[in-house]
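Okay, structure first, notes after.
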Amino acid sequence: VHDMADVIQNQKDVIADLEAQLTAAQKAVLEAEREREGAELALGEAEARRAQLQEELESLEFARKTEAADLKAWSEREQQDKVAEAEAQLKSARLAAEEDLQDLERQLQQAQEQAQRAQEAHQGA
């Protein structure tokens with residue numbers, strides 16, 4: 001009778017341990033899903049910002065071309081001064097926009113990696 005009580009208690013302990021493991025796994029799945037949702041949101045924001053920066057770059061390029069065409073009507077000296085100034089501004093703006101784009105691409109990559117890790121954690125749990 002004493003051995004049977006030990007066996008029953010051992011089985012109860014095993015069941016309690018398995019239930020605790022199941023609860024921990026369920027919490028891990030929920031956390032992974034929250035992380036995945038956060039990563040997807042960050043990914044969407046980064047993609048939207050990247051598209052906005054691309055539009056800004058195209059607008060700057062169009063403005064540069066338009067300004068260069070307008071400057072042809074002015075005197076040679078005025079044209080050279082204005083083109084040099086516009087190109088310097090464009091170069092500066094383009095460098096800043098390209099740096100922003102690179103930062104966003106890094107953020108996008110990080111968000112994609114985070115989403116993948118969260119999905120892998122979700123699938124593994």
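Just so you know, these numbers use all the heavy atoms, side chains as well, and skip hydrogens, waters and symmetry mates. Throughout, residue positions are numbered sequentially from 1 according to the sequence presented. If you're wondering where the values come from, they're calculated on a predicted model, not measured in any experiment.
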Exercise. List the steps and the verdict of side-chain contact (heavy atoms from CB on, under 4.5 Å) for E31 and K27.
Key: CA-CA 6 Å; E31 181 62 27; K27 286 180 182 179; over 6 Å; no
Exercise. For side-chain contact (heavy atoms from CB on, under 4.5 Å), just list the numbers for R49 and D100, CA-CA rounded to whole Å, side-chain angles, deciding distance to a tenth of an Å, and then say yes or no.
Key: CA-CA 9 Å; R49 180 69 177 134; D100 286 350; 3.8 Å; yes
Quiz item: Under the side-chain hydrogen bond (donor to acceptor under 3.5 Å, both in side chains) criterion, do Q116 and E120 qualify, and how do the steps go?
Solution: CA-CA 6 Å; Q116 184 177 355; E120 289 170 356; 3.1 Å; yes
Quiz item: Does the pair E55 and Q52 meet the rule for a side-chain contact (heavy atoms from CB on, under 4.5 Å), with working shown?
Solution: CA-CA 5 Å; E55 288 178 15; Q52 178 185 2; 5.6 Å; no
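Legend: residues meeting side chain to side chain contact (heavy atoms under 4.5 Å, CB included) with Q110, ordered by chain and number and at least two apart, are absent. Take Q21 and apply the side chain to side chain donor-acceptor pair (under 3.5 Å) test, not counting sequence neighbours, and it matches D17.
We find the CD-NZ distance between E67 and K65 to be 14.0 Å, quoted to the nearest 0.5 Å. In this structure, the separation between NE2 on H122 and CD on E35 is 12.5 Å, given to the nearest 0.5 Å. Atom CG of L18 and atom CG of D13 lie 11.0 Å apart (nearest 0.5 Å). Taking CD of Q89 as the start and CZ of R94 as the end, the distance is 13.5 Å to the nearest 0.5 Å. If you take CG on L60 and CG on L53, they are separated by 10.5 Å, rounding to the nearest 0.5 Å.
Minimum interatomic distance between A121 and A32 (heavy atoms only, all atoms of both residues): CB-CB, 3.9 Å. When every heavy atom of R36 is checked against every heavy atom of A115, the shortest pair comes out as CG-O, 4.4 Å. Nearest approach of L57 to A97, heavy atoms of both residues: CD2-CB, 3.6 Å.
In the displayed structure, R50 atom CZ is contacted under 6.0 Å by at most 12 heavy atoms of other residues, nucleotides or ligands.
Residues H2 and D6 meet the side-chain proximity criterion, which asks for heavy atoms closer than 4.5 Å. Looking only at side-chain heavy atoms (C-beta outward), E61 and L90 come within less than 4.5 Å of each other. E47 is not listed as a side-chain neighbour of L104, based on a closest heavy-atom distance of 4.5 Å or more. In this structure, the side chains of R117 and E113 come closer than 4.5 Å at one or more pairs of heavy atoms.
Between the side chain of S92 and the main chain of A88, no donor-acceptor pair closer than 3.5 Å is present.
A donor atom on one side chain and an acceptor atom on the other are not found under 3.5 Å apart for E105 and Q109.
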